[in-house]
Amino acid sequence: MARIYTHSALTCSTNLGFLFRSSSSHLHLHLRRLIFPTSLALPHAKTQSSWSRRRVVAMDSSGTDSAKEVHVGLDSATEEEYATQSKLLQEFMSIPTLDKAWILSSDSGSQAMVAMSQANLLANKRRKFMLSALISKDETTSNQSSVNFHWAPFPVEMTGASAFVPSPSGLKLLVIRNPENESPTKFEIWSSSQLDKEFHIPQKVHGSVYLDGWFEGISWNSDETRVAYVAEEPSPPKPTFDHLGYYKKGTSSDKDIGSWKGQGDWEDEWGEAYAGKKQPALFVIDVDSGEVEHIKGVPRSISVGQVVWSPNSKGSAQYLVFAGWLGDKRKLGLKHCYNRPCAIYAVRCPEPKDDANEPFPVHNLTKSISSGFCPRFSKDGKFLLFLSAKAAVDSGAHCSTESLHKISWPSDGKLPESTNIVDVIEVVNCPDDGCFPGLYVTGLLSDPWLSDGTLILSSYWRSCRVILSLNLISGELSRVSPNDSDFSWSVLALDGDNVVAEVSSSPVSVPEIKYGKKVLDPSGKPSWHWSTIQKPIFKCSEKVTSGLSSLQFKILKVPVSNVSECLTEGAKRPFEAIYISSSETKENGKCDPLVVVLHGGPHTVAPCSFSKQLAYLSSIGYSLLIVNYRGSLGFGEDALQSVPGKIGSQDVNDVLSAVDHAVEMGLADPSRITVLGGSHGGFLTTHLIGQAPDKFVAAAARNPVCNIASMVGITDIPDWCFFEAYGDQTHYTEAPSPEDMSLFHQISPISHISKVKTPTLFLLGTVDLRVPISNGFQYVRALKEKGADVKVLVFPNDNHSLDRPQTDYESFLNIAVWFNKYCKL
Ligand SMILES: CC(=O)N[C@@H](C)C(=O)N[C@@H](C)C(=O)O
């Protein structure tokens, strides 16, 4: 998931919950197909006799018909198990997710609007709804003031709306509805009691508005007359041929009878999650007339995003300021990839009276730095702040420690030839104990400022997400969320000088909303006083509540084994693992079975926050060990940069050290350990079952990287293969040599396949562009050849993230049943 803008939208379930409740044979048949959608569902040799068998005629490899026995369906005990698990999983997966929040201030006080979503399994979509509340504050004594949110009795369903953007005054609300087919994009302007305007923007003007976390940017101008945004350019016309196959000159309408459309030229795309998306381009809509202007002058080699308006000072030109990514050569994958060069640009926004035929020049404001994105103007309009992933771009790591910079913004609107970029927060290499580990921003609000110009933002800090404040003048950075909290916090919205935050209390309790007020302690030192907002908006069923109430967690510090002198200082420091277990003591003193959970990247982090899927696994009796091995975000740049060039060894050893550490502490029973991971986490999972074949009783891998040699030619991030294999970006080429291929094979899980004996479940998405499905299949077939116990679920319409509601649900249902089978819960 993109680290900017979004709150972790952990998605949910499927229609299986409904199906399991029925005992009709028709539904059971359907269920079997859902659970084993491919012919690769292989029962373990030991359990074969309990499976129902059916004689079918199949074609053997010689091409002749032969009668073979294949296994269909489940034994009744397994069916019972699926049925039981599905009921509880459904309750976890239906917990809603908080997507965004706004605080709108008026003379009568502040009001909160909270956009939430919940899985709709049957529709395989997320159901969106909006909750609103009036905020009342009792300010009698400054340090003791109480805050109440008076929630409307029910949320309002908003399904069909793609984006909500209140205007700065809170008097207007823009609702955008992206089309699902060839229909127009709808823009609605709402006032407090009615729909004021509705505009339908046809596909020949632009396609869907971007809402992806990278290119997304929708911005009201200060007098609330225009909105700038990023949308897909119209599709280029396709060649038309008549019934004889003759090429037709000129453009013709889609509805021509007796003619057909060719494909036309292929256009490069930004890889995983951008399949079929057109070039992002800048538009401005007049909210009174509905007139849409395509902002010209931006070269097609630049993909634009994150547009904001420059401050509006009388008589001076107004600019649209945006981030732009260069896609002139190859567009390499962008999702999770902060290492793509990008810059902050400004283009003068034409006034309605300007001659539209004369595009204004585009200024690159950040020429001297390899990365600039997320532009924000300071409260007084004197500075333009932006984030930079220069450490990622310059090193080649797909994600790394960020930095924050500013440039002065000219009050007369005359942009200088060159800008002086001032560093505000630098990259931290080796953080001292307990000190700021560097910037890993997880969210920047559209208006992130307190009245004195202090910036409020959320960032990873080791295994937690914290809220930080930055005084732009003094450069002082401090923690807004409590120093002693192991929970993950993120800023949702600002209410004047107060902070509304979402706090996820670790993996064992659902998020809650907190309201933070700056207070002065008796010595005059400022600190933040937090109140819990009374109504829990994440309402859980009794089973979920009782399941969670018996859990506890702690963050373990794991010492690095084999500290070598070649390591940088920061890479010698302990890394972390989050341990979750039942708080109840077992009568026999035995530990629960353990699931080792491994994030991907490798440069991401598994934060100490609530995850429905993992909470479900904990609540059915598993302890979890979520390992933030070296290379994870949040621990400084030295530790992060220590793994490239050593993947498949250093990261694997870190996980093994964490497991040994947990066993030594008496937290895990060495005979009942399983492992679960996706993508690079799946690379680690499949490495671990090959390199430590006796350690894990079962494994589950979601779109795993199993063979970099076969991935490099077809993934959207071939540069990742080179960077993580060699540890630098000098080796990257589109034409790998036999030596490259040999190294890729050698460092991949496939090279350890002969040792694997752990029963492994594979969850694969057919339209994954990052780790194409053939990677998992090759490994699966190699395991099958050895007679290993393998089960495969293939999701034909899923990409790399496997997060569509039904997919997510069916995945975790099968993970639970698979682990139960080998851990004998
Ligand atoms: C940079 C990147 O996407 N690497 C993949 C191999 C990976 O592990 N991706 C993670 C972030 C994922 O969870 O998709």
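Heavy atoms only: backbone and side chains are in, while hydrogens, waters and symmetry mates are out. Every number for a ligand or one of its atoms is a count from 1 in the order of the listing.
At least one N or O atom of His680 sits closer than 3.5 Å to an N or O atom of ligand 1. Inclusion of Gly601 in the set of residues having an N or O under 3.5 Å from an N or O of ligand 1 is warranted.
With no hydrogens or angles considered, no side-chain donor-acceptor pair links Asp716 and Tyr274 at under 3.5 Å.
Listed by number with element, the atoms of ligand 1 under 4.0 angstrom from any heavy atom of Thr604 are 11 (C). Proximity to His336 (heavy-atom distance under 4.0 Å) selects the following atoms of ligand 1: 3 (O), 11 (C), 14 (O). Taking a cut-off of under 4.0 Å to the non-hydrogen atoms of Trp720, the atoms of ligand 1 that pass are 1 (C), 4 (N), 6 (C).
A salt bridge does not link Glu272 to Lys277: none of the charged side-chain nitrogens sits closer than 4.0 Å to a carboxylate oxygen. Look at Asp798 and Arg702 and you find no salt bridge, because none of the NZ, NE, NH1 or NH2 atoms lies under 4.0 Å from a carboxylate O. Taking a cutoff of 4.0 Å between a charged side-chain nitrogen and a carboxylate oxygen, Lys557 and Glu576 qualify as a salt bridge.
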For residues 733-740, which side-chain donor-acceptor pairs fall under 3.5 Å, sequence neighbours excluded?
{"unit_1": "Thr733", "atom_1": "OG1", "unit_2": "Ala735", "atom_2": "N", "d": "2.8"}
{"unit_1": "Glu734", "atom_1": "OE1", "unit_2": "Arg330", "atom_2": "NH1", "d": "3.0"}
{"unit_1": "Glu734", "atom_1": "OE2", "unit_2": "Arg330", "atom_2": "NH1", "d": "3.1"}
{"unit_1": "Glu734", "atom_1": "OE2", "unit_2": "Tyr732", "atom_2": "OH", "d": "2.7"}
{"unit_1": "Ser737", "atom_1": "OG", "unit_2": "Glu739", "atom_2": "N", "d": "3.4"}
{"unit_1": "Ser737", "atom_1": "OG", "unit_2": "Glu739", "atom_2": "OE1", "d": "3.2"}
{"unit_1": "Ser737", "atom_1": "OG", "unit_2": "Asp740", "atom_2": "N", "d": "3.1"}
{"unit_1": "Ser737", "atom_1": "OG", "unit_2": "Asp740", "atom_2": "OD2", "d": "3.2"}
{"unit_1": "Asp740", "atom_1": "OD1", "unit_2": "Tyr726", "atom_2": "OH", "d": "2.4"}
{"unit_1": "Asp740", "atom_1": "OD2", "unit_2": "Ser737", "atom_2": "N", "d": "2.9"}

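Here the two rings, on Tyr629 and His599, have centers that are under 6.0 Å apart.
Summarising the contacts of atom 5 (C) of ligand 1 with Gly333, Cys399, Ser679, the nearest heavy atom is found in Ser679.
For Asp486, there are no salt bridge (Lys or Arg N to Asp or Glu O under 4.0 Å) partners, not counting sequence neighbours.
Counting heavy atoms closer than 4.0 Å to ligand 1, residue Ile717 contributes side-chain atoms (C-beta onward) but none from N, CA, C or O. At a heavy-atom cutoff of 4.0 Å, ligand 1 is contacted by the side chain of His800 but not by its backbone. Only the side chain of Arg770 comes within 4.0 Å of ligand 1, judged by heavy-atom distances.
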